[in-house]
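Written out below as structure tokens is the structure these notes cover.
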Amino acid sequence: DYNKYISELEIHYHLAELYNLTKNYTKEIEEYKAILSFNSDDIKGNHRLGHAYYQQKSYKNAREYLLKAVILDPGLTDSYLPLGVSCFKVSDYQKAEQYLIKAFDLKKDTEAQFYLGSIYRMKKDYENARAMLENSKNDRRFLTGSLYMLAEIAFEREDYSGAIEYLEKGLNSLKERDEESLAYRYLLAECYELENKIKEAVHHWSKIEVE
């Protein structure tokens, strides 16, 4: 009597965990979808499926399952950061801020600071934006993004020399033929031009044109 001794649900759980350990997220997702077909409110299934989608940068799906998991169990604190980031990526900034703050309160993580800084920047809450971005720029993953937004804040206040100071710090980290890097140079060139540093402005306009 197979069903007397073996739980099909447990087999799916074990397979999903093995796929996670081997970073086979596509297969892991299949297993957790099978688990949720037994019970759509399965907390572990929603939790792990959300994380698997997050690893694949499938932010819309990650948001759906992680949000359901934390509603079912608010104690799943490891979901706050990926949920906040996923909400940000799909432009749900209200929930992004809510969960990023929770993540930041638990651990002063630079990733949470970067995305919170981005939200405050959009809200023109420059004081809080600067506080977050000044910290997140110390993490190389967020260096150029943080410097760019700090420079944008300075630019909007017509502090062009301050914007230049920020942007010059990240020049060595720019990637070739990258859209974000081109925008970075564009802002820097514009600041140089407004500060009447024409030679420097021309250098970056030329670099943009070549790329």
Side-chain angles (χ1 to χ4, degrees), residues 23 25-26 51-63 81-97 100 103-104 108-211:
K23 301 189 187 309
Y25 300 118
T26 301
H51 277 274
Y53 273 124
Y54 183 73
Q55 291 294 334
Q56 286 197 326
K57 302 187 188 306
S58 179
Y59 298 115
K60 184 178 179 182
N61 288 319
R63 177 194 175 282
L81 179 61
L83 176 54
V85 173
S86 297
C87 288
F88 181 91
K89 295 289 188 180
V90 298
S91 304
D92 182 358
Y93 300 119
Q94 184 177 0
K95 276 200 167 51
E97 183 177 0
L100 288 167
F104 179 69
K108 304 299 186 261
D109 185 271
T110 51
E111 188 168 7
Q113 289 177 308
F114 175 74
Y115 286 105
L116 280 171
S118 303
I119 291 169
Y120 295 143
R121 157 76 184 85
M122 287 187 282
K123 292 168 70 173
K124 297 190 183 298
D125 180 357
Y126 294 144
E127 186 176 344
N128 282 319
R130 286 189 64 182
M132 291 293 173
L133 295 169
E134 286 286 356
N135 286 321
S136 64
K137 71 180 173 61
N138 296 319
D139 186 327
R140 291 204 64 81
R141 294 175 298 165
F142 308 114
L143 173 65
T144 55
S146 299
L147 290 171
Y148 181 78
M149 284 187 282
L150 285 165
E152 281 188 313
I153 292 169
F155 184 88
E156 288 181 18
R157 291 177 168 178
E158 299 184 359
D159 177 12
Y160 306 124
S161 62
I164 289 168
E165 187 177 346
Y166 279 122
L167 293 167
E168 285 182 339
K169 292 176 182 176
L171 281 173
N172 292 334
S173 300
L174 296 181
K175 298 174 183 176
E176 294 288 327
R177 292 176 172 80
D178 173 75
E179 288 296 326
E180 290 181 1
S181 296
L182 292 174
Y184 192 101
R185 285 190 187 279
Y186 195 102
L187 180 59
L188 180 56
E190 196 166 359
C191 289
Y192 278 136
E193 188 173 359
L194 288 165
E195 284 288 283
N196 205 33
K197 295 184 176 181
I198 305 304
K199 182 179 177 181
E200 291 88 342
V202 167
H203 169 77
H204 288 285
W205 292 129
S206 300
K207 185 79 173 172
I208 291 167
E209 194 255 348
V210 167
E211 290 194 16

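What's counted below: heavy atoms across the whole structure, side chains too, no hydrogens, waters or symmetry copies.
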Assess the residue pair His204 and Leu171 against the criterion (side chain to side chain contact (heavy atoms under 4.5 Å, CB included)); give the C-alpha distance rounded to whole Å, side-chain angles, the decisive distance to 0.1 Å, and a yes or no. CA-CA 11 Å; His204 288 285; Leu171 281 173; 3.8 Å; yes

What's the shortest heavy-atom distance between [X] and [Y], and which atoms?
X      : Y      : value
Leu167 : Ala151 : CG-CB, 3.5 Å
Gln113 : Asn135 : NE2-ND2, 3.3 Å
Ala129 : Ile153 : CB-CD1, 4.0 Å

Would you indicate whether the side-chain heavy atoms of [Y] and [X] approach each other to under 4.5 Å?
X      : Y      : answer
Met149 : Arg130 : no
Leu174 : Thr144 : yes
Lys23  : Gln55  : no
Tyr54  : Ser86  : yes
Tyr115 : Glu97  : no
Glu111 : Arg141 : yes

Could you pull out all residues at least two apart from Phe142 that satisfy ring-ring contact (aromatic ring centres under 6.0 Å, His included)?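 Checked Phe142 against ring-ring contact (aromatic ring centres under 6.0 Å, His included); matches are Phe114.
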
Applying ring-ring contact (aromatic ring centres under 6.0 Å, His included), can you list everything that pairs with Tyr25, at least two apart in sequence or on another chain?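 Scan of Tyr25 (ring-ring contact (aromatic ring centres under 6.0 Å, His included), adjacent residues dropped) gives none.
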
Any residue meeting salt bridge (charged side-chain N to carboxylate O under 4.0 Å, His left out) with Asp92, in chain and number order, not counting sequence neighbours: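 If we apply the salt bridge (charged side-chain N to carboxylate O under 4.0 Å, His left out) test to Asp92, skipping adjacent residues, the hits are Arg63.
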
For the [atom1] atom of [X] and the [atom2] atom of [Y], what is their distance to the nearest 0.5 Å?
X      : Y      : atom1 : atom2 : answer
Phe88  : Leu116 : CZ    : CG    : 9.5 Å
Asp159 : Glu165 : CG    : CD    : 8.5 Å
Lys175 : Glu211 : NZ    : CD    : 13.0 Å
Leu133 : Glu152 : CG    : CD    : 10.0 Å
Asn138 : Thr110 : CG    : OG1   : 8.5 Å
Ile164 : Leu187 : CD1   : CG    : 9.5 Å

Sequence neighbours left out, cut at 3.5 Å: what donor-acceptor pairs do the side chains of residues 190-199 make with other protein atoms?
{"from": "Tyr192", "atom 1": "OH", "to": "Glu168", "atom 2": "OE2", "distance (Å)": "2.4"}

Regarding Glu134 and Lys137, does a basic nitrogen lie under 4.0 Å from an acidic carboxylate oxygen?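 Salt bridge: yes.
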
NZ/NE/NH1/NH2 to OD/OE distance under 4.0 Å, Glu176 and Lys207: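 Salt bridge: yes.
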
With ring-ring contact (aromatic ring centres under 6.0 Å, His included) as the test, pick out the partner of Tyr186 among Trp205, Phe155, Tyr148.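 Per the ring-ring contact (aromatic ring centres under 6.0 Å, His included) rule, the option paired with Tyr186 is Trp205, out of Trp205, Phe155, Tyr148.
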
Residues Ser146, Ser136; criterion side chain to side chain donor-acceptor pair (under 3.5 Å); working and verdict: CA-CA 7 Å; Ser146 299; Ser136 64; 2.7 Å; yes

Who are the side chain to side chain donor-acceptor pair (under 3.5 Å) partners of Gln56, not counting sequence neighbours?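 By the side chain to side chain donor-acceptor pair (under 3.5 Å) rule, Gln56 matches Thr26.
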
Of all residues at least two apart in sequence or in a different chain, which pass the side chain to side chain donor-acceptor pair (under 3.5 Å) check with Ser58?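 If we apply the side chain to side chain donor-acceptor pair (under 3.5 Å) test to Ser58, skipping adjacent residues, the hits are Asn61.
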
